[in-house]
Amino acid sequence: MPEFKSDFLRVLSERGFIHQTSDDAGLDEIFSRETVTAYAGFDPTAASLHVGHLTLIMMLYWLQQTGHKPIVLMGGGTGMIGDPSFKDEARKLMTPDVINENVSKLKTSFTRYLEFGDGPRDAAMVDNAEWLLQLNYVQFLRDVGRHFSVNRMLSFDSVKTRLDRDQSLSFLEFNYMILQAYDFVELYRRYGCTVQMGGSDQWGNIVNGIDLGRRMDEAELFALTLPLLTTSSGAKMGKTASGAVWLSEEMLSSYDFWQYWRNTEDADVGRFLRLYTTLPMDEIARLESLDGSEINEAKKVLATEVTAMLHGREAAETAAETARKTFEEGALAESLPTVSVNRSELAEGVGLLSLFVTAGLTTSNGETRRHVRGGAVRVNDETVSDDRRRVTEEDLTSDGVVKLSLGKKKHVLVRPE
RNA sequence: GGAGGGGUGUCCGAGUGGUUAAAGGAGGCGGACUGUAAAUCCGCUGGCUUCGCCUACGUUGGUUCGAAUCCAACCCCCUCCA
(Lines give C-alpha, C1' and ligand atoms only; values in the text may rest on other atoms or scores of the structure.)
Protein backbone atom coordinates (compact mmCIF):
# COMPACT_ATOMS: atom_id res chain seq x y z
CA MET A 1 0.00 0.00 0.00
CA PRO A 2 1.46 3.34 -0.99
CA GLU A 3 2.36 5.94 1.62
CA PHE A 4 0.26 9.03 1.26
CA LYS A 5 1.24 12.57 2.15
CA SER A 6 -2.27 13.92 2.46
CA ASP A 7 -4.23 13.45 5.66
CA PHE A 8 -7.32 12.41 3.78
CA LEU A 9 -5.81 9.57 1.81
CA ARG A 10 -3.74 8.42 4.75
CA VAL A 11 -6.85 8.09 6.90
CA LEU A 12 -8.77 6.33 4.14
CA SER A 13 -5.91 4.02 3.41
CA GLU A 14 -5.26 2.91 6.98
CA ARG A 15 -8.96 2.41 7.59
CA GLY A 16 -9.49 0.31 4.52
CA PHE A 17 -11.65 2.60 2.42
CA ILE A 18 -9.71 2.54 -0.81
CA HIS A 19 -10.41 0.03 -3.51
CA GLN A 20 -9.06 1.80 -6.53
CA THR A 21 -8.13 5.30 -7.65
CA SER A 22 -7.57 6.70 -11.08
CA ASP A 23 -4.21 8.17 -10.06
CA ASP A 24 -2.80 7.61 -6.57
CA ALA A 25 -0.04 10.17 -6.86
CA GLY A 26 -2.18 12.82 -8.54
CA LEU A 27 -4.90 12.50 -5.91
CA ASP A 28 -2.41 12.66 -3.11
CA GLU A 29 -0.95 15.76 -4.67
CA ILE A 30 -4.19 17.75 -4.83
CA PHE A 31 -5.37 16.63 -1.41
CA SER A 32 -2.15 17.78 0.21
CA ARG A 33 -2.00 21.00 -1.77
CA GLU A 34 -5.48 22.48 -1.63
CA THR A 35 -9.01 22.32 -0.36
CA VAL A 36 -10.54 19.73 -2.63
CA THR A 37 -14.18 19.51 -3.54
CA ALA A 38 -15.32 15.93 -4.00
CA TYR A 39 -18.70 14.34 -4.52
CA ALA A 40 -20.58 11.12 -4.13
CA GLY A 41 -23.94 10.38 -5.69
CA PHE A 42 -26.95 8.71 -4.16
CA ASP A 43 -29.88 7.50 -6.20
CA PRO A 44 -33.32 7.85 -4.64
CA THR A 45 -34.40 4.26 -5.17
CA ALA A 46 -35.89 3.91 -1.69
CA ALA A 47 -37.22 6.10 1.07
CA SER A 48 -34.13 5.53 3.16
CA LEU A 49 -30.47 4.83 2.71
CA HIS A 50 -29.24 1.54 4.13
CA VAL A 51 -26.09 0.19 5.68
CA GLY A 52 -24.56 -0.35 2.28
CA HIS A 53 -24.40 3.41 1.82
CA LEU A 54 -22.73 3.98 5.14
CA THR A 55 -19.21 3.43 3.88
CA LEU A 56 -19.59 6.17 1.34
CA ILE A 57 -21.08 8.49 3.94
CA MET A 58 -18.14 7.81 6.24
CA MET A 59 -15.82 8.65 3.39
CA LEU A 60 -17.53 12.00 2.98
CA TYR A 61 -17.23 12.46 6.71
CA TRP A 62 -13.46 11.98 6.64
CA LEU A 63 -13.22 14.22 3.63
CA GLN A 64 -14.72 17.07 5.59
CA GLN A 65 -12.80 16.23 8.76
CA THR A 66 -9.52 16.46 6.92
CA GLY A 67 -10.37 19.88 5.58
CA HIS A 68 -12.09 19.37 2.26
CA LYS A 69 -15.49 20.07 0.83
CA PRO A 70 -17.99 17.23 0.31
CA ILE A 71 -20.88 17.42 -2.09
CA VAL A 72 -23.79 15.05 -1.68
CA LEU A 73 -25.38 14.61 -5.07
CA MET A 74 -28.96 13.42 -4.97
CA GLY A 75 -29.92 11.58 -8.12
CA GLY A 76 -33.27 13.22 -8.67
CA GLY A 77 -32.51 13.29 -12.39
CA THR A 78 -30.60 10.04 -12.85
CA GLY A 79 -33.22 8.33 -10.70
CA MET A 80 -35.61 8.89 -13.57
CA ILE A 81 -33.56 6.38 -15.50
CA GLY A 82 -32.05 3.85 -13.12
CA ASP A 83 -28.48 2.68 -13.05
CA PRO A 84 -28.12 -0.56 -15.04
CA SER A 85 -24.61 -1.26 -13.75
CA PHE A 86 -24.23 -4.92 -12.83
CA LYS A 87 -27.98 -5.34 -12.68
CA ASP A 88 -29.52 -8.43 -14.17
CA GLU A 89 -32.57 -6.74 -15.41
CA ALA A 90 -34.11 -3.36 -15.78
CA ARG A 91 -35.57 -1.81 -12.73
CA LYS A 92 -39.09 -0.63 -12.80
CA LEU A 93 -39.29 2.99 -13.68
CA MET A 94 -40.09 5.17 -10.75
CA THR A 95 -42.60 7.92 -10.95
CA PRO A 96 -41.35 11.48 -10.47
CA ASP A 97 -43.49 11.79 -7.35
CA VAL A 98 -41.83 8.86 -5.68
CA ILE A 99 -38.40 10.12 -6.66
CA ASN A 100 -39.03 13.54 -5.22
CA GLU A 101 -40.35 12.09 -2.03
CA ASN A 102 -37.37 9.79 -1.66
CA VAL A 103 -34.92 12.59 -2.35
CA SER A 104 -36.35 14.65 0.46
CA LYS A 105 -36.32 11.72 2.86
CA LEU A 106 -32.76 10.71 2.12
CA LYS A 107 -31.43 14.13 2.92
CA THR A 108 -32.00 13.79 6.64
CA SER A 109 -29.60 10.87 6.98
CA PHE A 110 -26.62 13.05 6.18
CA THR A 111 -27.10 15.72 8.76
CA ARG A 112 -25.33 13.91 11.58
CA TYR A 113 -22.28 13.18 9.52
CA LEU A 114 -21.70 16.39 7.63
CA GLU A 115 -21.91 20.05 8.38
CA PHE A 116 -23.81 21.82 5.69
CA GLY A 117 -23.53 25.51 4.95
CA ASP A 118 -22.09 28.08 2.61
CA GLY A 119 -18.52 28.16 3.84
CA PRO A 120 -15.64 26.92 1.69
CA ARG A 121 -15.47 23.62 3.55
CA ASP A 122 -19.12 23.23 4.35
CA ALA A 123 -20.88 20.33 2.75
CA ALA A 124 -23.34 20.99 -0.04
CA MET A 125 -26.37 19.04 -1.12
CA VAL A 126 -27.19 19.18 -4.80
CA ASP A 127 -29.80 17.46 -6.92
CA ASN A 128 -28.88 16.59 -10.47
CA ALA A 129 -32.50 17.06 -11.50
CA GLU A 130 -31.50 20.73 -11.50
CA TRP A 131 -29.58 20.40 -14.73
CA LEU A 132 -30.51 17.03 -16.18
CA LEU A 133 -34.22 17.64 -16.49
CA GLN A 134 -33.77 20.71 -18.64
CA LEU A 135 -31.35 19.35 -21.15
CA ASN A 136 -32.17 19.86 -24.75
CA TYR A 137 -31.86 16.51 -26.45
CA VAL A 138 -30.20 17.44 -29.70
CA GLN A 139 -27.99 20.04 -28.11
CA PHE A 140 -26.92 17.51 -25.50
CA LEU A 141 -26.11 14.92 -28.11
CA ARG A 142 -23.94 17.42 -29.97
CA ASP A 143 -22.14 18.68 -26.87
CA VAL A 144 -21.80 15.51 -24.87
CA GLY A 145 -22.91 12.54 -26.92
CA ARG A 146 -20.23 12.99 -29.53
CA HIS A 147 -17.55 12.25 -26.92
CA PHE A 148 -18.86 8.77 -26.23
CA SER A 149 -18.00 5.74 -28.26
CA VAL A 150 -20.64 3.05 -28.17
CA ASN A 151 -17.98 0.45 -28.87
CA ARG A 152 -16.25 1.41 -25.69
CA MET A 153 -19.41 1.70 -23.64
CA LEU A 154 -20.35 -1.81 -24.61
CA SER A 155 -17.04 -3.10 -23.37
CA PHE A 156 -17.66 -2.07 -19.78
CA ASP A 157 -18.05 -4.88 -17.29
CA SER A 158 -21.02 -3.14 -15.77
CA VAL A 159 -23.18 -3.80 -18.81
CA LYS A 160 -21.58 -7.03 -19.89
CA THR A 161 -23.65 -9.29 -17.66
CA ARG A 162 -26.74 -7.99 -19.31
CA LEU A 163 -25.41 -8.41 -22.79
CA ASP A 164 -23.87 -11.80 -22.13
CA ARG A 165 -27.10 -13.12 -20.74
CA ASP A 166 -28.98 -11.86 -23.74
CA GLN A 167 -31.08 -9.64 -21.57
CA SER A 168 -32.18 -6.39 -22.92
CA LEU A 169 -30.47 -3.20 -22.00
CA SER A 170 -32.75 -0.44 -23.01
CA PHE A 171 -31.49 2.69 -24.66
CA LEU A 172 -32.82 4.58 -21.68
CA GLU A 173 -30.60 2.66 -19.28
CA PHE A 174 -27.69 2.80 -21.66
CA ASN A 175 -27.77 6.55 -21.29
CA TYR A 176 -27.36 6.40 -17.56
CA MET A 177 -23.60 6.38 -17.70
CA ILE A 178 -23.57 9.36 -20.00
CA LEU A 179 -25.68 11.36 -17.62
CA GLN A 180 -23.57 10.38 -14.66
CA ALA A 181 -20.47 11.37 -16.58
CA TYR A 182 -22.10 14.66 -17.38
CA ASP A 183 -22.92 15.20 -13.71
CA PHE A 184 -19.24 15.13 -12.94
CA VAL A 185 -18.52 17.80 -15.55
CA GLU A 186 -21.42 19.92 -14.35
CA LEU A 187 -20.20 19.74 -10.76
CA TYR A 188 -16.71 20.62 -11.92
CA ARG A 189 -18.06 23.69 -13.65
CA ARG A 190 -20.33 24.78 -10.84
CA TYR A 191 -18.24 23.94 -7.80
CA GLY A 192 -14.79 23.15 -9.05
CA CYS A 193 -15.40 19.58 -7.99
CA THR A 194 -12.52 17.38 -9.14
CA VAL A 195 -13.03 14.07 -7.39
CA GLN A 196 -15.85 11.57 -7.55
CA MET A 197 -16.16 8.83 -4.98
CA GLY A 198 -18.36 5.79 -5.20
CA GLY A 199 -18.66 2.05 -4.81
CA SER A 200 -16.42 -0.15 -6.90
CA ASP A 201 -19.40 -0.92 -9.12
CA GLN A 202 -19.35 2.72 -10.15
CA TRP A 203 -15.85 2.61 -11.56
CA GLY A 204 -16.95 2.55 -15.17
CA ASN A 205 -19.37 5.40 -14.71
CA ILE A 206 -16.82 7.51 -12.88
CA VAL A 207 -14.09 6.94 -15.40
CA ASN A 208 -16.47 8.04 -18.11
CA GLY A 209 -16.92 11.28 -16.22
CA ILE A 210 -13.17 11.79 -16.03
CA ASP A 211 -12.81 11.28 -19.77
CA LEU A 212 -15.69 13.57 -20.53
CA GLY A 213 -14.22 16.29 -18.32
CA ARG A 214 -10.95 16.10 -20.15
CA ARG A 215 -12.59 16.21 -23.54
CA MET A 216 -15.02 18.99 -22.85
CA ASP A 217 -13.09 21.21 -20.45
CA GLU A 218 -9.57 19.82 -20.40
CA ALA A 219 -10.17 19.27 -16.72
CA GLU A 220 -8.12 16.92 -14.63
CA LEU A 221 -10.59 14.83 -12.65
CA PHE A 222 -10.09 11.89 -10.33
CA ALA A 223 -11.87 8.73 -9.25
CA LEU A 224 -11.79 7.07 -5.87
CA THR A 225 -13.74 3.89 -5.28
CA LEU A 226 -14.64 1.87 -2.24
CA PRO A 227 -14.52 -1.88 -1.89
CA LEU A 228 -17.87 -3.54 -2.25
CA LEU A 229 -18.54 -4.69 1.27
CA THR A 230 -19.57 -8.14 2.23
CA THR A 231 -19.37 -9.87 5.55
CA SER A 232 -16.66 -12.45 6.06
CA SER A 233 -19.07 -15.20 5.19
CA GLY A 234 -19.80 -13.53 1.90
CA ALA A 235 -23.24 -12.12 2.53
CA LYS A 236 -24.01 -8.67 1.28
CA MET A 237 -23.98 -6.03 3.93
CA GLY A 238 -27.19 -4.95 5.42
CA LYS A 239 -29.64 -7.64 4.46
CA THR A 240 -31.90 -9.18 7.05
CA ALA A 241 -35.22 -10.96 6.97
CA SER A 242 -37.22 -7.82 7.30
CA GLY A 243 -35.28 -6.28 4.46
CA ALA A 244 -32.39 -3.90 4.38
CA VAL A 245 -30.83 -2.34 7.44
CA TRP A 246 -32.19 1.13 6.98
CA LEU A 247 -30.61 4.27 8.28
CA SER A 248 -33.89 6.05 8.81
CA GLU A 249 -35.21 5.74 12.34
CA GLU A 250 -38.71 5.51 10.93
CA MET A 251 -37.85 2.37 9.04
CA LEU A 252 -35.57 0.73 11.59
CA SER A 253 -35.49 1.59 15.27
CA SER A 254 -32.18 2.60 16.79
CA TYR A 255 -32.44 -0.46 19.03
CA ASP A 256 -32.64 -2.78 16.03
CA PHE A 257 -29.89 -0.85 14.30
CA TRP A 258 -27.69 -1.33 17.35
CA GLN A 259 -28.54 -5.04 17.35
CA TYR A 260 -27.46 -5.37 13.75
CA TRP A 261 -23.97 -4.24 14.62
CA ARG A 262 -23.90 -6.17 17.88
CA ASN A 263 -24.36 -9.36 15.87
CA THR A 264 -21.37 -8.72 13.65
CA GLU A 265 -19.30 -11.79 12.86
CA ASP A 266 -16.05 -12.03 14.80
CA ALA A 267 -13.96 -11.81 11.68
CA ASP A 268 -15.49 -8.49 10.69
CA VAL A 269 -15.11 -6.58 13.93
CA GLY A 270 -11.80 -4.91 13.20
CA ARG A 271 -12.67 -4.02 9.66
CA PHE A 272 -15.99 -2.53 10.66
CA LEU A 273 -14.49 -0.55 13.54
CA ARG A 274 -12.08 1.06 11.12
CA LEU A 275 -14.69 1.79 8.49
CA TYR A 276 -17.68 2.80 10.54
CA THR A 277 -16.36 4.39 13.70
CA THR A 278 -14.04 7.28 14.31
CA LEU A 279 -12.17 5.62 17.16
CA PRO A 280 -8.39 6.06 17.06
CA MET A 281 -6.48 3.32 15.31
CA ASP A 282 -4.63 2.10 18.38
CA GLU A 283 -7.90 1.73 20.27
CA ILE A 284 -9.27 -0.29 17.38
CA ALA A 285 -6.18 -2.46 17.34
CA ARG A 286 -6.72 -3.20 21.01
CA LEU A 287 -10.39 -4.07 20.58
CA GLU A 288 -9.66 -6.19 17.57
CA SER A 289 -7.10 -8.27 19.41
CA LEU A 290 -9.58 -9.44 22.03
CA ASP A 291 -9.98 -13.18 21.98
CA GLY A 292 -12.89 -15.54 22.22
CA SER A 293 -15.91 -14.26 24.00
CA GLU A 294 -14.11 -11.08 24.97
CA ILE A 295 -14.60 -9.87 21.46
CA ASN A 296 -18.18 -9.27 22.45
CA GLU A 297 -16.95 -6.17 24.22
CA ALA A 298 -15.58 -4.93 20.94
CA LYS A 299 -18.89 -5.63 19.25
CA LYS A 300 -20.73 -3.56 21.83
CA VAL A 301 -18.35 -0.68 21.29
CA LEU A 302 -18.85 -1.04 17.56
CA ALA A 303 -22.62 -1.06 17.87
CA THR A 304 -22.72 1.90 20.19
CA GLU A 305 -20.30 4.00 18.19
CA VAL A 306 -22.00 3.40 14.87
CA THR A 307 -25.44 4.01 16.33
CA ALA A 308 -24.22 7.16 18.04
CA MET A 309 -23.03 8.62 14.77
CA LEU A 310 -26.32 7.96 13.08
CA HIS A 311 -28.94 8.46 15.76
CA GLY A 312 -27.03 10.37 18.42
CA ARG A 313 -25.10 9.35 21.49
CA GLU A 314 -28.16 9.24 23.69
CA ALA A 315 -30.12 6.85 21.49
CA ALA A 316 -27.06 4.64 21.24
CA GLU A 317 -26.55 4.48 25.00
CA THR A 318 -30.21 3.68 25.46
CA ALA A 319 -30.03 0.88 22.95
CA ALA A 320 -26.91 -0.51 24.60
CA GLU A 321 -28.50 -0.37 28.02
CA THR A 322 -31.69 -1.98 26.77
CA ALA A 323 -29.69 -4.78 25.24
CA ARG A 324 -27.63 -5.23 28.40
CA LYS A 325 -30.71 -5.59 30.56
CA THR A 326 -32.46 -7.87 28.13
CA PHE A 327 -29.61 -10.20 27.33
CA GLU A 328 -27.30 -10.07 30.29
CA GLU A 329 -29.76 -9.75 33.12
CA GLY A 330 -32.70 -11.34 31.40
CA ALA A 331 -34.60 -8.48 32.90
CA LEU A 332 -37.36 -6.59 31.32
CA ALA A 333 -36.01 -3.44 29.82
CA GLU A 334 -38.41 -0.54 29.68
CA SER A 335 -37.13 0.73 26.40
CA LEU A 336 -37.51 -2.33 24.25
CA PRO A 337 -39.57 -1.61 21.19
CA THR A 338 -43.14 -1.17 22.37
CA VAL A 339 -46.57 -1.49 20.89
CA SER A 340 -49.72 -0.42 22.61
CA VAL A 341 -53.04 -2.21 22.71
CA ASN A 342 -56.39 -1.03 23.80
CA ARG A 343 -56.94 -1.80 27.48
CA SER A 344 -60.49 -2.97 26.96
CA GLU A 345 -59.37 -5.30 24.20
CA LEU A 346 -56.84 -6.77 26.53
CA ALA A 347 -59.53 -7.30 29.16
CA GLU A 348 -61.34 -9.52 26.69
CA GLY A 349 -58.16 -11.28 25.72
CA VAL A 350 -56.22 -10.83 22.52
CA GLY A 351 -55.30 -13.75 20.29
CA LEU A 352 -51.63 -14.52 20.56
CA LEU A 353 -51.23 -15.04 16.85
CA SER A 354 -52.45 -11.67 15.79
CA LEU A 355 -50.77 -9.96 18.71
CA PHE A 356 -47.40 -11.05 17.35
CA VAL A 357 -48.35 -9.60 14.02
CA THR A 358 -49.39 -6.34 15.63
CA ALA A 359 -46.09 -6.27 17.46
CA GLY A 360 -44.29 -6.57 14.14
CA LEU A 361 -42.52 -9.76 15.15
CA THR A 362 -44.21 -11.77 12.44
CA THR A 363 -46.08 -10.86 9.30
CA SER A 364 -48.99 -13.27 9.43
CA ASN A 365 -50.90 -15.46 11.83
CA GLY A 366 -49.67 -18.46 9.95
CA GLU A 367 -46.08 -17.44 10.47
CA THR A 368 -46.67 -17.03 14.19
CA ARG A 369 -48.32 -20.43 14.27
CA ARG A 370 -45.32 -22.03 12.66
CA HIS A 371 -43.04 -20.38 15.14
CA VAL A 372 -45.18 -21.68 17.99
CA ARG A 373 -44.71 -25.17 16.62
CA GLY A 374 -41.01 -24.52 16.36
CA GLY A 375 -40.85 -23.48 19.99
CA ALA A 376 -39.71 -19.96 19.26
CA VAL A 377 -42.61 -18.06 20.77
CA ARG A 378 -42.53 -16.85 24.35
CA VAL A 379 -44.77 -14.66 26.45
CA ASN A 380 -43.04 -13.18 29.48
CA ASP A 381 -40.19 -15.60 28.83
CA GLU A 382 -42.41 -18.67 28.95
CA THR A 383 -42.52 -20.78 25.85
CA VAL A 384 -45.98 -21.02 24.34
CA SER A 385 -47.12 -24.34 22.96
CA ASP A 386 -50.79 -23.59 22.34
CA ASP A 387 -51.35 -21.42 19.31
CA ARG A 388 -54.86 -20.59 20.48
CA ARG A 389 -53.53 -18.98 23.64
CA ARG A 390 -54.96 -15.58 24.40
CA VAL A 391 -53.14 -12.76 26.07
CA THR A 392 -55.14 -11.04 28.80
CA GLU A 393 -54.69 -8.63 31.66
CA GLU A 394 -53.49 -11.52 33.75
CA ASP A 395 -50.37 -11.66 31.66
CA LEU A 396 -49.38 -8.14 32.64
CA THR A 397 -46.21 -8.18 34.69
CA SER A 398 -45.67 -6.02 37.73
CA ASP A 399 -44.41 -3.38 35.34
CA GLY A 400 -47.76 -3.33 33.61
CA VAL A 401 -46.57 -4.75 30.29
CA VAL A 402 -46.46 -8.05 28.48
CA LYS A 403 -43.16 -9.16 26.97
CA LEU A 404 -43.38 -11.02 23.70
CA SER A 405 -40.33 -12.80 22.37
CA LEU A 406 -39.56 -14.47 19.09
CA GLY A 407 -36.45 -16.51 19.36
CA LYS A 408 -33.72 -15.37 21.64
CA LYS A 409 -33.10 -12.00 20.15
CA LYS A 410 -36.35 -10.34 19.27
CA HIS A 411 -38.44 -8.84 21.99
CA VAL A 412 -41.34 -6.43 22.03
CA LEU A 413 -43.29 -5.02 24.94
CA VAL A 414 -47.04 -4.73 24.78
CA ARG A 415 -48.41 -1.87 26.79
CA PRO A 416 -52.12 -1.34 27.46
CA GLU A 417 -53.56 2.07 26.82
C1' G B 1 -44.03 -5.70 -39.76
C1' G B 2 -42.25 -11.32 -40.32
C1' A B 3 -40.14 -15.99 -38.05
C1' G B 4 -38.77 -18.43 -33.65
C1' G B 5 -38.08 -18.72 -28.11
C1' G B 6 -39.94 -17.35 -23.37
C1' G B 7 -42.96 -15.26 -18.89
C1' U B 8 -43.60 -20.46 -12.42
C1' G B 9 -43.45 -18.89 -5.24
C1' U B 10 -38.30 -13.68 -2.09
C1' C B 11 -34.60 -15.09 -6.06
C1' C B 12 -32.65 -19.01 -9.34
C1' G B 13 -35.01 -23.05 -11.43
C1' A B 14 -37.92 -28.09 -12.38
C1' G B 15 -42.61 -29.39 -13.90
C1' U B 16 -46.22 -30.13 -20.15
C1' G B 17 -54.05 -32.74 -18.06
C1' G B 18 -55.26 -35.40 -12.03
C1' U B 19 -52.18 -37.57 -4.52
C1' U B 20 -49.07 -29.97 -7.39
C1' A B 21 -49.38 -25.05 -2.29
C1' A B 22 -46.17 -26.83 -7.08
C1' A B 23 -39.15 -30.90 -7.17
C1' G B 24 -34.27 -28.90 -6.19
C1' G B 25 -31.10 -24.94 -4.81
C1' A B 26 -30.10 -20.12 -2.77
C1' G B 27 -31.67 -16.65 0.65
C1' G B 28 -34.42 -15.91 5.22
C1' C B 29 -36.41 -17.38 10.00
C1' G B 30 -36.56 -20.72 14.22
C1' G B 31 -34.32 -24.80 17.34
C1' A B 32 -29.74 -27.40 19.31
C1' C B 33 -24.47 -26.23 20.36
C1' U B 34 -21.94 -21.43 21.74
C1' G B 35 -20.16 -15.96 23.15
C1' U B 36 -26.73 -12.10 21.14
C1' A B 37 -20.31 -14.80 16.69
C1' A B 38 -18.77 -18.37 12.91
C1' A B 39 -19.04 -23.48 11.45
C1' U B 40 -22.23 -27.76 12.01
C1' C B 41 -26.83 -30.48 12.64
C1' C B 42 -32.36 -30.30 12.74
C1' G B 43 -37.06 -27.85 11.52
C1' C B 44 -40.00 -24.08 9.04
C1' U B 45 -40.45 -20.94 4.73
C1' G B 46 -48.62 -18.27 0.42
C1' G B 47 -53.07 -16.59 3.47
C1' C B 48 -57.16 -17.68 6.85
C1' U B 49 -61.70 -18.45 11.68
C1' U B 50 -56.02 -24.69 9.97
C1' C B 51 -58.72 -32.43 10.75
C1' G B 52 -61.19 -27.50 6.55
C1' C B 53 -61.32 -23.31 3.31
C1' C B 54 -59.24 -19.46 0.07
C1' U B 55 -55.66 -17.44 -3.19
C1' A B 56 -51.40 -18.64 -6.59
C1' C B 57 -47.69 -20.55 -12.11
C1' G B 58 -47.91 -12.87 -17.39
C1' U B 59 -53.59 -11.14 -18.35
C1' U B 60 -58.53 -12.47 -19.90
C1' G B 61 -61.71 -15.96 -21.71
C1' G B 62 -62.52 -21.20 -23.28
C1' U B 63 -62.12 -26.90 -23.45
C1' U B 64 -62.52 -30.64 -19.42
C1' C B 65 -65.35 -34.23 -14.06
C1' G B 66 -60.38 -31.93 -13.36
C1' A B 67 -55.49 -27.08 -16.10
C1' A B 68 -49.26 -24.20 -14.15
C1' U B 69 -49.89 -27.95 -17.89
C1' C B 70 -54.57 -28.07 -23.80
C1' C B 71 -57.05 -23.89 -26.99
C1' A B 72 -57.91 -18.47 -28.23
C1' A B 73 -56.99 -13.43 -27.74
C1' C B 74 -54.10 -9.85 -25.45
C1' C B 75 -49.68 -7.82 -22.65
C1' C B 76 -44.45 -8.02 -21.77
C1' C B 77 -39.31 -9.89 -22.70
C1' C B 78 -35.40 -12.19 -25.85
C1' U B 79 -33.09 -13.80 -30.74
C1' C B 80 -32.92 -13.43 -36.00
C1' C B 81 -34.91 -10.97 -40.44
C1' A B 82 -37.08 -6.18 -42.49
Side-chain angles (χ1 to χ4, degrees), chain A residues 84 86-93 159 161-173 230-245 255-273 287-288 290-304 306-307 319-331 333 336-337 349-357 359-378 381 383-390 404-412:
Chain A
F86 299 100
K87 301 285 187 329
D88 282 352
E89 51 191 54
R91 278 202 294 243
K92 288 214 170 67
L93 277 180
V159 299
T161 39
R162 283 282 273 284
L163 300 175
D164 288 349
R165 292 183 60 171
D166 289 341
Q167 281 161 331
S168 100
L169 175 71
S170 71
F171 184 66
L172 175 81
E173 296 174 281
T230 57
T231 67
S232 292
S233 31
K236 270 185 197 149
M237 284 286 292
K239 289 286 178 184
T240 70
S242 35
V245 179
Y255 172 77
D256 288 329
F257 185 78
W258 192 92
Q259 281 296 325
Y260 173 76
W261 294 98
R262 173 61 184 79
N263 287 316
T264 297
E265 294 174 28
D266 287 9
D268 292 324
V269 171
R271 199 156 55 101
F272 288 179
L273 281 167
L287 289 169
E288 190 179 14
L290 293 173
D291 277 332
S293 61
E294 283 182 9
I295 200 157
N296 281 325
E297 290 311 311
K299 292 184 190 179
K300 287 179 207 164
V301 173
L302 172 69
T304 304
V306 178
T307 308
E321 180 57 15
T322 303
R324 196 185 64 76
K325 278 194 184 149
T326 309
F327 286 98
E328 291 173 30
E329 292 178 13
L336 280 171
V350 184
L352 178 84
L353 299 179
S354 57
L355 189 59
F356 264 70
V357 176
L361 288 166
T362 55
T363 53
S364 72
N365 292 0
E367 189 187 343
T368 317
R369 204 186 306 268
R370 285 193 296 271
H371 282 304
V372 169
R373 274 189 218 127
V377 170
R378 278 167 296 142
D381 296 316
T383 306
V384 174
S385 53
D386 177 9
D387 60 22
R388 278 167 306 185
R389 188 189 195 289
R390 300 185 80 74
L404 304 181
S405 309
L406 179 70
K408 284 180 294 193
K409 296 183 188 173
K410 293 175 193 154
H411 311 280
V412 168

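In the text below, chain A, chain B and the rest are named by the order of the sequence lines, each starting its count at 1.
- Within 4.0 Å of A/E328, counting heavy atoms only, lies no atom of the nucleic acid at all.
- Annotation: the span from A/K410 atom NZ to A/R378 atom CZ amounts to 12.0 Å, rounded to 0.5 Å.
- Look at B/G17: it lacks any Watson-Crick or wobble partner with both distances under 3.5 angstrom.
- Comparing B/G6 with B/U59, their C1' atoms are spaced 16 Å from each other, to the whole Å.
- Nucleotides B/A82 and B/C75 are separated by 24 Å at their C1' atoms, to the nearest Å.
- The distance between atom CG of A/N263 and atom C1' of B/U34, rounded to the nearest whole Å, is 13 Å.
- With respect to the salt-bridge test (charged N to carboxylate O, under 4.0 angstrom), the residues A/K300 and A/E297 qualify.
- Applying the side-chain contact (heavy atoms from CB on, under 4.5 Å) test between A/V377 and each of A/T383, A/V372, A/T362 identifies A/V372 as the sole match.
- If you check B/A67 for Watson-Crick or wobble pairing at under 3.5 angstrom, you find it has no partner at all.
- One P atom belongs to B/G58, the other to B/C12, and the distance between them is 14 Å to the nearest Å.
- When each of A/R324 and A/R378 is assigned the nucleotide of RNA chain B with its nearest heavy atom, A/R378 is the one assigned upstream, toward the 5' end.
- If you check B/G1 for Watson-Crick or wobble pairing at under 3.5 angstrom, you find it paired to B/C81.
- Remark: the separation of the C1' atoms in B/G47 and B/G9 is 13 Å, to the nearest Å.
- Within 3.5 Å, a donor on the side chain of A/K408 pairs with an acceptor on the base of B/U34, or the reverse.
- In this structure, the side chain of A/T264 engages the main chain of A/W261 through a donor-acceptor pair within 3.5 Å.
- The residue A/T362 sits apart from the nucleic acid: no heavy atom pair falls under 4.0 Å.
- For the pair A/K410 and B/G30, the criterion of a side-chain N or O lying under 4.0 Å from OP1 or OP2 is met.
- The C1' atoms of B/C65 and B/C70 are separated by 16 Å, rounded to the nearest whole Å.
- Here B/U36 presents its C1' atom at 9 Å from OH of A/Y255, a figure rounded to the nearest Å.
- Regarding A/F327, its CZ atom lies at a distance of 17 Å from the P atom of B/U34, rounded to whole Å.
- Straight-line distance from the CG atom of A/D291 to the P atom of B/U34: 20 Å, rounded to whole Å.
- Here B/C11 sits opposite B/G25 as a Watson-Crick or G-U wobble pair (both hydrogen-bonding atom distances under 3.5 Å).
- Rounding to whole angstrom units, CD of residue A/E297 and C1' of B/U36 are separated by 13 Å.
- Using a distance-only test at 3.5 Å, with no hydrogens or angles considered, no donor-acceptor pair links the side chain of A/E294 to the main chain of A/L290.
- The pairing partner recorded for B/U50 is none, the criterion being a Watson-Crick or G-U wobble arrangement whose two distances lie under 3.5 angstrom.
- A residue-by-residue look at A/T264 and A/A376 shows that A/A376 has its nearest nucleotide of RNA chain B further toward the 5' end.
- For the OP1/OP2 pair of B/A38 and a distance below 4.0 Å, the side-chain nitrogens and oxygens of A/K299 include no atom meeting the criterion.
- Taking atom CZ of residue A/F257 and atom C1' of nucleotide B/U36, one finds them 17 Å apart after rounding to whole Å.
- Contact annotation: the side chain of A/F257 approaches that of A/V306 to within less than 4.5 Å [non-hydrogen atoms, C-beta and beyond].
- Counted within 6.0 Å of CG on A/D386, heavy atoms from surrounding residues, nucleotides or ligands total more than 12; the atom is thus considered enclosed.
- Rounded to whole Å, the P atom of B/A67 lies 14 Å from the corresponding atom of B/G17.
- To the nearest 0.5 angstrom, A/H411 atom NE2 is 9.5 Å from A/L406 atom CG.
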**Request:** Encode nucleotides 43-48 of chain B as B, S and - characters from 5' to 3', where the letter depends on protein heavy atoms closer than 4.0 Å: B to the base, S only to sugar-phosphate, - to neither.
**Result:** -SS-SS

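- Residues A/T368 and A/D387 have side chains not in contact (no heavy-atom distance under 4.5 Å, counting atoms from C-beta outward).
- B/C53 sits 31 Å from B/C71 when the P atoms are compared, rounded to a whole Å.
- Note: NZ (A/K300) to P (B/U36) measures 9 Å, nearest angstrom.
- Nucleotides B/A14 and B/U8 are separated by 10 Å at their C1' atoms, to the nearest Å.
- Taking atom CH2 on A/W261 and atom P on B/A37, their separation rounds to 17 Å, with Å as the unit.
- The listed nucleotides are B/G30, B/G35, B/U36; the one nearest the side chain of A/D266 is B/G35.
- Side-chain proximity of A/S293 to the nucleotides B/G35, B/U36, B/A37 is greatest for B/G35.
- Inter-residue side-chain proximity for A/N296 and A/R262 is flagged as met; some heavy-atom pair is nearer than 4.5 Å.
- When both pairing distances are held under 3.5 Å, B/A37 makes no Watson-Crick or G-U pair with any nucleotide shown.
- In this structure, B/A72 and B/U60 make a Watson-Crick or G-U wobble pair, each of the two defining distances being under 3.5 angstrom.
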